[in-house]
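Step one of this worksheet: look at the structure below.
Below, read A as the first sequence line, B as the second, and so on, with proteins coming before strands; counting in each chain starts at 1. Below, all heavy atoms of this structure are taken into account, side chains as well, without hydrogens, waters or symmetry copies.
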Number of protein chains: 2
Amino acid sequence: MTPSGTTSGGATDPAGQPAWELLLPAAGAPARRRGRALQEALREAVRSGRLAAGTRLPSTRELAADLGVSRGLVTEAYEQLTAEGYLRGERGAGTWVGGAVRAPGGSGGGAGGTAGADGRGADGRGVRGPVAGVSGPEPGVRVDFRPGTPDLSLFPRSAWAAAQRSVLARLPHRALGYPDPRGLPELREVLAGMLARRRGVVADPERLVVCSGVAQASTLLGFVLRARGLREVGVEDPGSPEHGRLFASTGMETVWLPLDGEGLRPEPLAASGVRAVVVTPSHQFPSGIGWSAGRRAALLDWARTVDGYVLEDDYDGDFRYDRAPVGALQGLDPERVVYAGSVSKSLAPGLRLGWTLVPGELLGEIVERKRTMDLGNPVLDQAVLAEFVTRGGYDRQLRRCQRAYRERRDALLAALAEHLPGTGVSGIAAGLHVIARVPARFGPPDRFLARAAGAGVALRSLEEYGTARPADGDVRLVIGYAHLAPSAIAEGIGLLAGAVG
Amino acid sequence: MTPSGTTSGGATDPAGQPAWELLLPAAGAPARRRGRALQEALREAVRSGRLAAGTRLPSTRELAADLGVSRGLVTEAYEQLTAEGYLRGERGAGTWVGGAVRAPGGSGGGAGGTAGADGRGADGRGVRGPVAGVSGPEPGVRVDFRPGTPDLSLFPRSAWAAAQRSVLARLPHRALGYPDPRGLPELREVLAGMLARRRGVVADPERLVVCSGVAQASTLLGFVLRARGLREVGVEDPGSPEHGRLFASTGMETVWLPLDGEGLRPEPLAASGVRAVVVTPSHQFPSGIGWSAGRRAALLDWARTVDGYVLEDDYDGDFRYDRAPVGALQGLDPERVVYAGSVSKSLAPGLRLGWTLVPGELLGEIVERKRTMDLGNPVLDQAVLAEFVTRGGYDRQLRRCQRAYRERRDALLAALAEHLPGTGVSGIAAGLHVIARVPARFGPPDRFLARAAGAGVALRSLEEYGTARPADGDVRLVIGYAHLAPSAIAEGIGLLAGAVG
């Protein structure tokens, strides 16, 4: 236990021991809020350097006793922060502060906090997550399992209309003028708070740029990195081909980097020579894995070593069904990670409204690029979203979608078990899609897909998302379920089974 | 009189003479509508080739008698189309069909109509018109005459709110999905109709791309032309420096091209070697001239000769106070002119909503570039604008602004005459700004501007918009008046006179 400093309120007592009780500011609050407060306080202590890398944490039993909380609450906090890469643990041996975190503007465990134009070279890139063009019914398609679209009927029209009315009634005239290319100040404040709370990011409103979605965040970053001399971006294999297309529009070529069950494999990444990658660590698209804490830390180590950048496409980080979502990678090193998200999965892609959190080193160039692309996002929409989040509408919407999507995921798994027995579903219980591996006896894959199409079932094969061509004969599918009612899911899998059985 | 063909409804009688009465489809309508119908019919006849270049038109007296309309109505139509470059006339000698017009998809006088992917080389560019960042009050500024912003208090909040409600009530769910990058089909239809009617453009909805304003239209075009190998764009001198900045973001350098009182001077343009220019022919920014018909025709000749493109920034073409606005250049050759406009001056810049009409040759590249930039404009805003235009709100708004801005222009001219006698105001009675030339006795210019600033009067000097540095000692100002109430205008000019007198 070697606390690194006593700045910023000093979580250290006179004997040099961390004053653990300072981790629990809301001691009188209900358990759920206390659990979240503990996690947030731990994260902040690690980030600020008050808990330095290598610091050994008390056992869950000890800390629970110190804080007067249940042991389960501490265990959950340790597990959550271990998954996020702030802590590392070995079964039976204890829990330490990990070495992955890097404070904003600093290069080590310092107190940090200011923007860091510290002269580091450059790179990094970003590209759009899973964008599917499923916007309307297609002839011959009875059930469309292609991923990428939320249930558009869940869009909260009444609450949105109320926010629109309120905004038009209160917005000062001058707000209708040419916008700040970074976004409406009130929205940046509100989003920074929401993202810090929900996604565990380091969200300085001054580093948040409102943009039209992850796609634009990717293009903005691509142009900036290309202007700094980078020519290639690494993307996950399997991954979204859209990432590569967006970067290609900025003059950057794509290098596929292989994944395994934990995340990007470190050796091929190191050997690739790229200095920028686009990743989906919270819920990898399309494989559905959550990156391990080790791979999250290794990626950040790599970025620091090569003076590189990571674009974190947090395309569906709001949707996890079995536990709290893993915090974003950006929280570990906001100077190396460009974070990007949007309302496309939580509200509607048609709103074209998203955000990116940008390292200080790149901020000025990203903002100027945003300015020349469109002068900034439409003002009324931004004010409406700020109003909607502030009124609690966004949290309500996420809860509503969570319930609906979890139910649909369950319906899909049940239908697969009933109609295509032996099918394995991989990936964490999260997001808007699953990977299904249908046994070879229903194949071979080409015939399977052709028969599915013939039966009016639109599907995407995992092979469309990368370079792997497994020869085991199993049929690997990327199945989107969020936009389909449970009855449509059951119908679709039934049609599929009838066609291939 | 040599009619070139008898296609498309044949405005030619059996003796080979144009059947002039076909020019007046709405013979029973009120005079104002009949005048507009005559102009539209004449334009269409020239565009389609039914009236070939060189065709001599009947005298105004003859045609008025043939059509049973007043001679003034015919005279007005001839003048209007001459100003737009469709016709050319010599005093006392008659009126001919000009050679400037080129039908869409064709290279001469053919009937045209289809998109022309006819393999022409490439270039052209575009850049944002007058963009000022006047979004809020600045310390020490009492009256701000800097141009570029409309009166934001004229934004029609109630009508906009009504359109928002209506859209949220009726829009089908699937419209909330990922948008068509070209724009919402219903908006493209509505805008094409509105622009054809108001601005005399050839507006095929299939060639109209909704974008976030003239700035984005410029950047889109810049990227497309740069990818085709162009490296330079010509801009008007004086002109908006923003044009050059936007093109610079796409990798294109700016070449200043001198204007005179009629438009771009042909010789320096020809000698420059550029193959793309950005122009503001309807109301040149900042000089305030309207390009002459001769220069409009000469520019199109140049574009055809060098296989080049023209970006027409129609930033304030809706506002003309002494006569009907001159039709857009694009109407003369939609295969060489990229037309761009927006609601920034008519509604609010904060909406970030505009349009570009694109030659068939460039359309696919522009749309793909729009897709990678942002996947398309926000859907709800597009639907609201479509609703607003369809309900007549847009025309009402333009009439409202016209009245207000004409009154403010008059107030400015009166205040200048009273407080700074001898000041000359140049340019047509149009738009949101004037050029004022204050006599040297109030100068010299540097002292004049310093004293104005000291008195809290924010001004822009014409020298900020180009390379000219006249040595006559007069003070040349670009004065924006549209965003100021008449009382503020009078107060500002009074303050100014007090400071420099």
Side-chain angles (χ1 to χ4, degrees), chain A residues 128 131-137 148-155 157-158 160-161 164-165 168-169 171-180 211-213 215-216 218-219 223 245-246 248-250 344 347-353 368-369 371-382 483, chain B residues 128 131-137 148-155 157-158 160-161 164-165 168-169 171-180 211-213 215-216 218-219 222-223 245-246 248-250 344 347-353 368-369 371-381 483:
Chain A
R128 191 80 210 312
V131 177
V134 191
S135 58
T149 302
D151 185 343
L152 300 168
S153 76
L154 294 177
F155 182 75
R157 295 191 185 218
S158 301
W160 199 256
Q164 284 181 329
R165 272 196 305 278
L168 273 178
L171 208 65
H173 292 317
R174 68 169 185 283
L176 296 169
Y178 286 101
D180 183 334
C211 61
S212 71
Q216 188 175 61
S218 305
T219 313
F223 278 120
R245 283 193 285 267
L246 290 167
S249 79
T250 72
S344 292
L347 286 167
L351 292 179
R352 307 308 314 128
L353 200 44
E368 175 57 15
R369 183 58 69 171
R371 197 186 77 77
T372 55
M373 257 190 207
D374 54 24
L375 305 187
N377 267 58
V379 169
L380 291 180
D381 297 352
Q382 294 188 68
H483 57 295
Chain B
R128 188 83 208 310
V131 177
V134 191
S135 58
T149 303
D151 185 342
L152 301 168
S153 75
L154 293 177
F155 183 74
R157 295 191 184 219
S158 303
W160 198 257
Q164 284 181 328
R165 274 196 304 279
L168 273 177
L171 209 65
H173 292 317
R174 68 168 187 282
L176 296 168
Y178 286 101
D180 183 333
C211 61
S212 71
Q216 186 175 63
S218 304
T219 314
F223 278 122
R245 284 193 286 267
L246 291 167
S249 78
T250 72
S344 291
L347 287 166
L351 293 179
R352 307 306 315 126
L353 201 43
E368 175 57 14
R369 183 58 69 172
R371 197 186 77 78
T372 56
M373 260 191 203
D374 55 23
L375 306 187
N377 267 58
V379 169
L380 292 179
D381 297 352
H483 57 294

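Between atom CZ of residue A:R371 and atom CG of residue B:L246 there is a gap of 6.5 Å, rounded to the nearest 0.5 Å. Between the CG atom of B:D381 and the CZ atom of A:R352 there is a distance of 12.5 Å, given to the nearest 0.5 Å. Going from atom NE2 of B:H173 over to atom CG of A:D151 covers 8.0 Å, rounded to the nearest 0.5 Å.
B:R369 places a side-chain N or O within donor-acceptor distance of the main-chain N or O of A:S249, the cut-off being under 3.5 Å.
For the set B:P378, B:A348, B:A248, the entry with the most heavy-atom pairs within less than 4.5 Å of chain A is B:P378. Considering only heavy-atom pairs separated by less than 4.5 Å from chain B, the leading option among A:D374, A:L176, A:L353 is A:L176. With respect to chain A, the highest number of heavy-atom pairs below 4.5 Å among B:V379, B:L168, B:L171 belongs to B:L168.
Only the backbone of A:P172 comes within contact range of chain B, with heavy atoms under 4.5 Å apart. Contacts between B:N377 and chain A at a heavy-atom distance below 4.5 Å involve the backbone alone (N, CA, C, O). If you measure heavy-atom distances from A:L154 to chain B, you find no contacts under 4.5 Å at all. For A:D180, no part lies under 4.5 angstrom from a heavy atom of chain B.
Looking at every heavy atom in both residues, A:L380 comes nearest to B:L351 through CD1-CD2, 3.6 Å. For A:Y178 against B:G148, the heavy-atom pair with the smallest separation is CE1-O, 3.5 Å. Across every non-hydrogen atom of A:G177 and B:P349, the tightest pair is C-CB, 3.8 Å.
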> Are A:H483 and B:R174 close enough, and set up right, to give a side-chain contact (heavy atoms from CB on, under 4.5 Å), and what steps lead you there?
Replying inline: CA-CA 11 Å; A:H483 57 295; B:R174 68 168 187 282; over 6 Å; no
